[in-house]
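Beneath this line is the structure, given in structure tokens, with notes to follow.
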Amino acid sequence: MAEVRVRFAPSPTGFFHVGSARTALFNWLYARHCEGTFVLRIEDTDARRNTPEALQVLLDGMRWLGLDWDEGPEVGGPHGPYFQSERGEHYRSAVEALLASGQAYERDGAVYFRLRGERYREHDPYLGEEVEKVRSEPQVWEDAVRGRVEQAVDRDFPIQRASGEPVFHLVNVVDDIAMRITHVIRGEDHLTNTARHLELYRALGAEPPVFAHIPLLLKDPAVGKGKMSKRDKGALLAEYRERHFLPAAVRNFLALLGWSPKGDREVLPLDDLVESFDFGGIQKGAARFEEGKLRHLNGHYLRELPIETYTWLARPLLAGEGIVGEEVDEDYLQRVLALCRPKLDLLEDLPGYCDFFFRREYPLEEAALARLRKKGDPRERAEELLGGLRHLPEGAGGAEVLGEAVETAAAESGHGEGVYRPVARVALSGRLSGPDLGAIAEVLGPAEVIARLERFAARLEEAGSAGAGS
RNA sequence: GUCCCGUUCGUCUAGCCAGGUCUAGGACACUGGGUUUUCAUCCCAGCAACAGGGGUUCGAAUCCCCUACGGGACGCCA
């Protein structure tokens, strides 16, 4: 079987859209699945927005997702250059050939592709003017995703602007021919361009590739209607990197948007994606991008990481929020994170979840205090907990100390232990939810548990004497 | 408006091509229960869909037609 060559051909706009990223991913997966070649070609014919920064955004995004290219910018290859801005001669000679064979003509300084068929003039309500139309033979192709598709092009179309610049349809086809692309995997928005492209392949005497039009990504209905656009919230790949999502999760999630492997598996690491990816699994209907499952996958991949790696990822985040400094004890940090990790899907939620482990001055949540007060005076309960600590076994750990306090206080007061635990939780962390209470106490250690209980009672005392409210 | 493509739980989807095994499966979300005498993890359970109509057939989510709805294209943008 002939070598499979696919390409991803983005235009550097300064943004890397999640829809583009998915198209890149599908191409990359197909190339790797077939052990073919993945080409990255930069469609930078629009000089205005073609900046080095814009290119960098693209390359960074590709690398972040783990999509390496076999031919393209920075790596070169036998079919270069891979920037359209440097391929002018290819386009010029193609235009000349079409002109010479009468398959194109000049008008108003631009060059148009000449369709074959009966011509007639008609008022076009969409364009609001009379135009020349052509009854051309419909182009038919077997789309790898959608099956047989048939469409006719009904107007001559420009292939070179009056400025001498070539137009997208021309450069796209000329480059795909020159780069020996065998499979064009692109968004469904190109479906209606395909007939034009097939006309060009025929006119240029080249065999067309296999086309696979993948479904579009639609915006979250909460955001609006239609396909996702660059301005939509959550539409930029960079957002997920900035929010510390794992690339593995984003990749897995993107792959599942419009494609599925046979069977019930959904958590698919790279190797599994590559192995099971094929056109047969591609959906025809458009997919809606919603963050829910992405979060879930992120949590999954996060929990699979070695705790050292997790800690390495979390440290700069916590440092950025001023929660930990350079001096923080690695072992302590790791023990805290091991407690928090099972509960969180997103790294970005970590600072707000674990900050109390590192701060003396953690806030006492008013809602938590209010709930404690429904079952009595939390300050009294705290005092009773402290009272239960008179006979402490030597060398007891934090969890044991807290357990002793709770049991003794419960036994002496006649209240249930269930009354004391929430109080202890708020005393140690400032809130009513969090990691396992015993585990918090163990990590904090006995001295800190006692100190926090004392401080809690003192803070409530101050608040009480200061008057109502907090 | 014209042309093209699509439509299975709220969302992502399996099943459709090779009609019966589908009282339509999984996952996320949600709800309830259990565990942890706390909790956003974990475990169990529940909720919830074949767009509508016609046809073919003994039998249709699966094949055909129509309608509705959704999306895309229609640029000297890519």
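Here the structure is a predicted model, which means the values were calculated and not measured. We name chains A, B, ... by the order of the sequence lines, and we start the count at 1 in each one.
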Separation of B:G26 C1' from A:Leu256 CG (nearest whole Å): 11 Å
With the side chain of A:Leu218 defined as its heavy atoms from C-beta on, choose the nearest nucleotide among B:A78, B:G71, B:G75. B:G71
Using the side-chain heavy atoms of A:His190, tell me which of these nucleotides is nearest: B:C12, B:C5, B:A78. B:A78
What nucleic acid atoms does A:Pro422 come within less than 4.0 Å of, heavy atoms only: base, sugar-phosphate, or nothing? nothing
Opposite nucleotide pairing with B:C69, Watson-Crick or G-U, both atom distances under 3.5 Å: B:G6
Could you check how far CD of A:Glu165 sits from C1' of B:A78, rounded to whole Å? 13 Å
From the options B:C76, B:C12, B:C4, select the nucleotide whose nearest atom is closest to the side chain of A:Thr192. B:C4
Just to confirm, is there a sub-4.0 Å distance from OP1 or OP2 of B:A40 to any side-chain nitrogen or oxygen of A:Arg303? no
Take the protein atom CG of A:Leu350 and the nucleotide atom P of B:A40, then report the distance between them rounded to whole Å. 18 Å
Name all residues meeting the salt bridge (Lys or Arg N to Asp or Glu O under 4.0 Å) criterion together with A:Arg455; count only those two or more places apart in sequence or in a different chain, and write none if there are none. A:Glu361
What nucleic acid atoms does A:Tyr112 come within less than 4.0 Å of, heavy atoms only: base, sugar-phosphate, or nothing? base
Would you please classify the geometry between the A:Phe253 ring and the A:Phe289 ring as parallel, tilted or perpendicular, with 30° and 60° separating the classes? perpendicular
Sugar-phosphate only, base, or nothing, as touched by A:Ala287 at under 4.0 Å among non-hydrogen atoms: sugar-phosphate
Pairing nucleotide - B:U21, Watson-Crick or G-U, each distance under 3.5 Å: none
Between A:Arg161 and B:C77, is there a contact of a side-chain N or O with OP1 or OP2 at under 4.0 Å? yes
Return the value, rounded to whole Å, for the distance between atom CD of A:Gln139 and atom C1' of B:C5. 18 Å
Pairing residues for A:Phe16 by the ring pair (Phe, Tyr, Trp, His ring centres under 6.0 Å) criterion, not counting sequence neighbours: none
Opposite nucleotide pairing with B:A61, Watson-Crick or G-U, both atom distances under 3.5 Å: none
Applying a 4.0 Å non-hydrogen cut-off, can you work out what A:Arg421 is touching in the nucleic acid: base, sugar-phosphate, or nothing? base
Counting any heavy atom closer than 4.0 Å, what does A:Leu437 reach on the DNA or RNA strands: base, sugar-phosphate only, or nothing? base
Watson-Crick/G-U partner (both atom distances under 3.5 Å) of B:G46: B:C30
Measure up the A:Tyr30 and A:His183 rings against each other and bin them: parallel (under 30°), tilted (30 to 60°), perpendicular (over 60°). tilted
Which nucleotides of nucleotides 29-34 of chain B have their base under 4.0 Å from a protein heavy atom (B), which only their sugar-phosphate (S), and which neither (-), written as one string 5' to 3'? ------
Sorted by chain and residue number, the salt bridge (Lys or Arg N to Asp or Glu O under 4.0 Å) partners of A:Arg119 (sequence neighbours excluded) come out as A:Glu132, A:Asp156
Once you apply a heavy-atom cut-off of 4.0 Å, does A:Gly258 come out as touching a base, just sugar-phosphate, or nothing? sugar-phosphate
Nucleotide B:C12, atom C1' - distance to CG of A:Asn252 in whole Å: 12 Å
Quickly, which of A:Val250, A:Leu346, A:Leu257, A:Leu256 forms a side-chain contact (heavy atoms from CB on, under 4.5 Å) with A:Leu294? Name it, please. A:Val250
Within this structure, what is the CZ-to-C1' distance between A:Phe253 and B:U13, rounded to whole angstrom? 12 Å
By the 4.0 Å heavy-atom rule, please label A:Tyr420 as base, sugar-phosphate, or nothing. nothing
What is the base-pairing partner of B:U56, counting Watson-Crick and G-U wobble geometry with both distances under 3.5 Å? none
Need the pair for B:G75. Rule: Watson-Crick or G-U wobble, both distances under 3.5 Å, any strand; none if unpaired. none
Once hydrogens and angles are ignored, does a donor-acceptor distance under 3.5 Å link the base of B:G26 to the side chain of A:Glu266? yes
Base, sugar-phosphate, or nothing: which does A:Glu43 touch, judged by heavy atoms less than 4.0 Å apart? sugar-phosphate
If we ignore angles and hydrogens, is there a donor and acceptor under 3.5 Å between the side chains of A:Asn172 and A:Arg196? no
Donor-acceptor contact below 3.5 Å, side chain A:His17 vs main chain A:Leu236: no
Please check the phosphate of B:U7 (OP1 and OP2 only) for any side-chain N or O of A:Lys284 closer than 4.0 Å. no
Expected list for residues 118-136 of chain A near RNA chain B, using heavy atoms below 4.0 Å, is A:Pro125, A:Tyr126, A:Leu127
Within 45 degrees of the axis of the six-membered ring of A:Tyr112 and under 6.0 Å from its centre: does A:Arg114 put its NZ or CZ there? no
Using a 4.0 Å heavy-atom cut-off to protein, can you give one letter per nucleotide of nucleotides 14-19 of chain B, 5' to 3': B if the base is in contact, S if only the sugar-phosphate is, - if neither? SS----
A:Lys133 NZ: over 12 foreign heavy atoms closer than 6.0 Å: yes
